[in-house]
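Worksheet: one structure, shown below.
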Amino acid sequence: MSFTHSAANNAYNDHAFALVDCNNFFVSCERVFDPKLRNRAVVVLSSNDGCIVSRSQEAKKLGIPMGAPLHEYLPLMLAHNVAIFSSNFVLYGDMSNRVMDALDQFTPYKEIYSIDEAFLELNFIDPAERSRYARIIRETVIQQTGIPISIGIAPTKTLSKIANRVAKTSPEWNGVLSLYDAHNVDEILKITEVRDIWGIGRRLALRLRAEGIYNAYDLKCAPDKWIRKNLSVTGLRMVLELRGTPCAELAYRSPKKSITSSRSFGRPVEKIAALEESIAHHATRIGEKLREEELCARLLFVHFRTSYFREGPRHNVTEGPVLIVPTAHTPKLIAAAQKVLKRTFKPSFAYTKSGIIVNDLVSDSHIQQDLFVVEETREKEEKLMRLIDSVNQLDGKRTIFFGASGANHSWSAKHDRRSQNFISSWDELPRVRA
DNA sequence: TCTGGGGTCCTAGGACCC
DNA sequence: TCTGGGGTCCTAGGACCC
């Protein structure tokens with residue numbers, strides 16, 4: 001490779017953010033393990049098989065929108081022989097790690113932004129060479145992981161998002177667009193609708209359009225004062241970024257501020273017993289996540305609610321915060337959460353979702369010790385948790401679990417169309433020859 | 001019958017303090 | 001009976017992201 005990371009090449013003291021985005025990520029993951037799905041319309045559903053969260057190009061062409069409820073589009077999809085999958089997050093997580101690892105060959109400066117996106121810093125590459133470099137990244141990732149990606153390169157993160165979007169949707173760019181090449185950047189901003197700018201959601205888009213601001217170029221030209229007043233500092237930063245002034249750097253793994261575990265039920269739940277089980281289950285997941293991140297939580301919220309869509313009496317509870325001694329100890333989390341649930345539960349409602357949120361997270365290495373628990377007890381607790389975690393990691397989830405979280409999970413979510421765990425379970429490895 | 005889950009950031013307003 | 005201004009912290013709510 002003729003590109004080097006040498007100091008001599010580091011003369012470009014601008015920024016060059018490359019946004020790498022996996023195309024139709026969940027669908028692409030399914031396709032890696034079943035080549036017959038190529039050229040066929042494919043969708044992947046959200047948890048509980050509720051709505052459509054990933055669509056192949058063919059599925060998009062059929063007019064299936066992002067986030068659409070399954071039941072509305074099921075007839076259309078059956079008529080067109082669309083392949084439908086429940087989400088398989090274990091598989092997608094593994095594939096994501098592979099893609100992210102592959103990117104490390106090209107730059108030491110990487111921010112993993114989401115399961116299917118990463119920002120790279122490419123300022124050590126000659127501006128005129130950046131798109132050629134990006135093409136090599138793209139080919140390498142496809143070859144090493146089977147996942148197709150698109151890359152947008154620009155002096156700010158916001159512009160790199162826009163470049164990425166254009167690279168992905170206009171075939172002429174073939175998946176890579178660098179705004180450092182000789183283009184009229186304003187022309188690209190003009191074809192970018194305001195709703196498609198990173199940070200502009202449905203509400204803001206409506207307000208902007210009412211003001212006659214229809215695309216990214218219009219927004220770029222809007223007066224600072226008006227932006228500050230109507231879109232707050234977030235909006236001002238966004239506009240500066242559109243003008244090429246970076247307001248955000250690469251963010252390396254920042255410590256988490258809150259952790260959530262929540263799920264919709266497979267069917268509505270009325271009895272407190274089922275709710276208690278689900279809450280214990282979420283407390284268990286929260287404990288695992290906390291220990292993974294070496295954190296302890298100080299505040300806990302319990303959440304449960306009825307459906308937003310069904311008829312009937314509504315009840316929506318987010319109770320908390322309750323203070324807990326900083327902990328990642330599952331039984332303590334279960335006890336605290338169930339206490340809150342017992343206090344706030346009301347019978348005769350059809351609940352469709354429950355969950356737990358923990359806040360105010362501190363590193364487990366310097367938590368304030370509970371004066372009433374002797375050091376020895378705490379060490380025992382930690383040892384037990386570590387043991388349970390390692391058994392569950394080696395022998396599969398819920399090999400060991402707390403009785404409070406129940407054995408049957410009559411309330412658990414549906415996932416009738418899940419693919420196999422091709423790479424995380426020995427029993428489900430793909431067969432080359434049967 | 002059927003509509004996801006897990007996050008972050010900003011602002012306004014109230015409580016409280018000096 | 002009169003009674004300011006400024007700061008901090010917390011929370012709820014809104015908006016956004018993938």
Side-chain angles (χ1 to χ4, degrees), chain A residues 19-26 43-54 64-75 77 84 86-89 92-93 96 111-119 157-158 161 164-165 194-208 228-238 247-248 251 253-268 282 285-286 289 293 298-299 301 303 305-312 316 318-321 323 350 352-361 412-417:
Chain A
L19 177 66
V20 175
D21 188 315
C22 301
N23 302 349
N24 319 329
F25 182 54
F26 298 167
V43 301
V44 175
L45 306 175
S46 66
S47 157
N48 216 20
D49 293 348
C51 34
I52 295 151
V53 293
S54 183
I64 301 168
M66 180 67 176
L70 170 64
H71 65 92
E72 273 178 32
Y73 285 86
L74 194 54
M77 293 199 288
I84 305 172
S86 299
S87 49
N88 183 345
F89 276 99
Y92 309 150
S96 173
E111 171 191 346
I112 297 174
Y113 179 67
S114 72
I115 194 165
D116 68 338
E117 276 178 60
F119 288 102
K157 283 178 152 184
T158 305
K161 283 283 246 186
N164 181 288
R165 197 168 174 285
V194 102
R195 178 65 182 85
D196 296 325
I197 301 169
W198 191 37
I200 304 281
R202 228 187 57 228
R203 306 276 173 131
L204 288 180
L206 281 175
R207 271 165 60 194
L208 288 173
R228 176 66 184 85
K229 184 154 168 268
N230 291 277
L231 304 187
S232 88
V233 293
T234 330
L236 192 55
R237 280 202 283 263
M238 194 160 57
C247 299
R253 254 181 79 76
S254 60
K256 280 201 172 140
K257 297 181 178 169
S258 71
I259 295 177
T260 307
S261 173
S262 68
R263 272 284 178 285
S264 296
F265 301 132
R267 63 179 102 105
H282 291 305
R285 279 296 297 142
I286 294 270
K289 290 183 184 184
E293 309 263 339
R298 275 199 284 225
L299 299 179
F301 297 76
H303 169 70
R305 64 163 170 80
T306 54
S307 169
Y308 291 140
F309 306 100
R310 297 163 66 97
E311 301 284 313
N316 186 347
T318 303
E319 180 69 15
L323 286 162
T352 57
K353 183 179 182 176
S354 74
I356 296 181
I357 303 136
V358 287
N359 254 338
D360 202 353
L361 310 180
S412 72
K414 290 182 296 189
H415 40 75
D416 301 336
R417 308 157 192 267

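Letters A, B, ... mirror the listed sequences (proteins, then strands); counts begin at 1. This one's a predicted model, so the numbers in the text were calculated from it and none came from an experiment.
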- prompt: Does A:S262 or A:P268 map to a spot on DNA chain B nearer the 5' end, using the closest nucleotide for each?
  reply: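 Its nearest nucleotide being more 5', the pick is A:P268.
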query: Considering heavy-atom distances to DNA chain B, does A:G67 or A:R237 have its closest nucleotide positioned more toward the 5' end?
result: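 With A:G67 and A:R237 compared, the 5'-side residue is A:G67.
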I need the minimum non-hydrogen distance between [X] and [Y], along with the two atoms involved.
X: A:I52; Y: A:M77; answer: CD1-CE, 4.0 Å
X: A:L208; Y: A:V194; answer: CD1-CG2, 3.7 Å
X: A:H282; Y: A:G355; answer: CD2-CA, 3.8 Å
X: A:F25; Y: A:S54; answer: N-OG, 4.1 Å
X: A:V43; Y: A:I64; answer: CG1-CD1, 4.4 Å
X: A:I115; Y: A:S96; answer: O-OG, 2.7 Å

Pick base, sugar-phosphate or nothing for [X], based on heavy-atom distances below 4.0 Å to the nucleic acid.
X: A:L45; result: nothing
X: A:R310; result: sugar-phosphate
X: A:Y113; result: sugar-phosphate
X: A:R202; result: sugar-phosphate
X: A:I197; result: sugar-phosphate
X: A:S87; result: nothing
X: A:S261; result: sugar-phosphate
X: A:L204; result: sugar-phosphate
X: A:R285; result: nothing
X: A:I259; result: sugar-phosphate

Strictly below 4.0 Å: does [X] bring a side-chain N or O up to OP1 or OP2 of [N]?
X: A:K256; N: B:dG6; answer: no
X: A:S47; N: B:dG5; answer: yes
X: A:K353; N: B:dG4; answer: no
X: A:S264; N: B:dT3; answer: no
X: A:R228; N: B:dT11; answer: yes
X: A:T260; N: B:dG5; answer: no
X: A:K161; N: C:dC16; answer: no

message: Looking at A:L45, is its backbone amide N or carbonyl O close enough to the side chain of A:S87 to form a donor-acceptor pair, meaning the two atoms are under 3.5 Å apart?
response: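 A pair under 3.5 Å: yes.
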Can you tell me how far [atom2] of [N] sits from [atom1] of [X], to the nearest Å?
X: A:E72; N: B:dC2; atom1: CD; atom2: P; result: 14 Å
X: A:K414; N: B:dG5; atom1: NZ; atom2: P; result: 12 Å
X: A:K229; N: B:dA12; atom1: NZ; atom2: P; result: 12 Å
X: A:I286; N: B:dG7; atom1: CD1; atom2: C1'; result: 12 Å
X: A:D49; N: B:dG4; atom1: CG; atom2: P; result: 11 Å
X: A:I52; N: B:dT3; atom1: CD1; atom2: C1'; result: 10 Å
X: A:R195; N: C:dC17; atom1: CZ; atom2: C1'; result: 10 Å
X: A:L236; N: C:dA15; atom1: CG; atom2: P; result: 20 Å

message: My understanding is that only one of A:D416, A:L74, A:V44 makes a side-chain contact (heavy atoms from CB on, under 4.5 Å) with A:I84; could you say which?
response: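 When A:D416, A:L74, A:V44 are each tested with A:I84, the side-chain contact (heavy atoms from CB on, under 4.5 Å) holds only for A:L74.
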Closest to the [X] side chain: [options]?
X: A:S232; options: C:dC18, B:dT8, B:dC10; answer: B:dC10
X: A:H71; options: B:dT3, B:dG4, C:dC17; answer: B:dT3
X: A:R263; options: B:dG6, B:dG4, C:dC18; answer: B:dG6

message: Quick one, A:I356 and A:H303 - any side-chain contact, counting heavy atoms below 4.5 Å?
response: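 Contact flag for A:I356/A:H303 side chains = no.
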query: What orientation do A:F119 and A:W198 show, parallel under 30°, tilted 30 to 60°, or perpendicular over 60°?
result: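 The rings of A:F119 and A:W198 sit tilted, inter-plane angle from 30° to 60°.
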- prompt: What interatomic distance, in whole Å, is found between P of C:dC18 and the corresponding atom of B:dT3?
  reply: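 Pairwise P distance, B:dT3 against C:dC18, rounds to 24 Å.
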field: Per-nucleotide pairing state of DNA chain C [Watson-Crick or G-U, under 3.5 Å; [ ] pseudoknot-crossing; | other strand]
entry: ....||||||||||||||
